[in-house]
Amino acid sequence: MKLWNNVKLRKWLRFIHRDLGYFFVGITIIYSVSGIILNHKKNGEDPAYRTEYKTIQLASSLTPDQLKTYWQKNLTDYPLNRILPDDSKYNVYLKGGLGNYDPVNGRLSFEMYEKKEWVYFINKLHYNSRKGWTLMADIFAVVMIVFALSGMFMVPGKKGITGRGKWLVLIGIIIPFLFFL
């Protein structure tokens, strides 16, 4: 009797596939959502942060102290840490942001970053950068292989691996290589 036609084997494959699937459904969804978010980053920006851009036209030739005074009176929503002159511009360091002031043209530009906690968390898991997550990520990777292999052999006959399944598996292997080439 051929291995893929063994009824007992297919029964165990269905059992393993189903129960591991239920157990790992949460992690699968988290990895999938995180993958989609990471695939659609805008302009290389970290999707775990919301960035607010501001440009304000000020008088030219302000000194660092004058800029600091203006900031403390008018931009209280954006906490200022320090202003450091650097060649032709002033670097502006904010709590949660960065910017610069050009004393030649008077343009003050800065950006503020706000962490999106949930996106940050799932991306850290996806990148495997949370302490202690490596073992779980390895187990999950092995389970994904088990899902792939058990799924291939659960269905017998012309709809299974000996029928159209072998062609679908082959196409699924070829497509990533075509993108690589």
Side-chain angles (χ1 to χ4, degrees), residues 13-14 16-57 71 75-82 84 86 89-102 105 107-155 159-161 164-181:
L13 290 175
R14 279 194 308 275
I16 291 168
H17 193 93
R18 179 194 64 226
D19 288 359
L20 283 177
Y22 285 137
F23 184 78
F24 282 97
V25 73
I27 296 170
T28 303
I29 290 169
I30 287 171
Y31 267 104
S32 300
V33 169
S34 177
I36 291 167
I37 290 169
L38 291 170
N39 284 342
H40 295 277
K41 310 190 252 197
K42 294 183 276 185
N43 303 322
E45 290 183 3
D46 188 339
Y49 292 88
R50 181 175 296 108
T51 305
E52 177 185 359
Y53 300 95
K54 288 275 199 191
T55 300
I56 301 170
Q57 187 61 47
W71 199 287
L75 298 170
T76 56
D77 289 344
Y78 308 102
L80 178 65
N81 281 341
R82 66 179 171 241
L84 295 176
D86 181 30
K89 294 185 178 187
Y90 302 163
N91 292 318
V92 179
Y93 297 91
L94 311 168
K95 184 176 181 188
L98 293 170
N100 62 62
Y101 168 73
D102 185 342
N105 62 23
R107 184 182 306 134
L108 170 65
S109 299
F110 62 95
E111 48 193 60
M112 297 295 294
Y113 314 110
E114 181 185 348
K115 189 188 294 184
K116 301 176 196 172
E117 292 294 337
W118 176 244
V119 176
Y120 180 82
F121 170 73
I122 65 174
N123 285 354
K124 287 293 183 188
L125 292 179
H126 198 108
Y127 284 136
N128 193 22
S129 58
R130 296 298 277 195
K131 187 175 181 171
W133 185 250
T134 301
L135 177 61
M136 190 63 192
D138 288 345
I139 291 169
F140 183 67
V142 169
V143 168
M144 289 294 107
I145 293 169
V146 170
F147 284 160
L149 295 175
S150 64
M152 282 180 12
F153 296 102
M154 284 190 326
V155 178
K159 293 182 182 178
I161 192 67
R164 71 177 181 202
K166 65 180 172 262
W167 303 113
L168 295 171
V169 169
L170 184 63
I171 292 168
I173 291 170
I174 291 172
I175 288 175
F177 283 103
L178 291 176
F179 278 93
F180 178 74
L181 297 174

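- Judged purely by atom type and a 3.5 angstrom limit, Q57 uses its side chain to pair as donor or acceptor with the backbone of N105.
- In this structure, CD1 on I16 lies 11.0 Å from CG on L149, to the nearest 0.5 angstrom.
- Heavy-atom minimum distance, Y78 versus L94: O-CD2, 4.4 Å.
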Review item, side-chain donor-acceptor pairs of residues 131-145, under 3.5 Å, at least two apart:
from : atom 1 : to   : atom 2 : distance (Å)
W133 : NE1    : Y31  : OH     : 3.1
W133 : NE1    : L125 : O      : 3.4
T134 : OG1    : N128 : ND2    : 3.4

- Pair L98-Y93, side-chain contact (heavy atoms from CB on, under 4.5 Å): steps then yes or no: CA-CA 5 Å; L98 293 170; Y93 297 91; 3.5 Å; yes
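- Here the CG-OH distance, from L38 to Y127, works out to 4.0 Å after rounding to the nearest 0.5 Å.
- In this structure, R50 and Y113 have side chains that are not in contact, with every pair of non-hydrogen atoms separated by 4.5 Å or more.
- Looking at S109, its side chain never comes within 3.5 Å of a backbone N or O of G99 through a donor-acceptor pair.
- When every heavy atom of N100 is checked against every heavy atom of V92, the shortest pair comes out as CA-CG2, 4.0 Å.
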- Item | Residue pair W71, Y101: steps toward the ring pair (Phe, Tyr, Trp, His ring centres under 6.0 Å) verdict | CA-CA 11 Å; W71 199 287; Y101 168 73; 9.9 Å; no
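- By the neighbour-count criterion of 12 heavy atoms within 6.0 Å, atom NZ of K116 is densely surrounded, having more than that number from other residues, nucleotides or ligands.
- Remark: the backbone N or O of T28 is paired with a side-chain donor or acceptor of S32 at under 3.5 angstrom.
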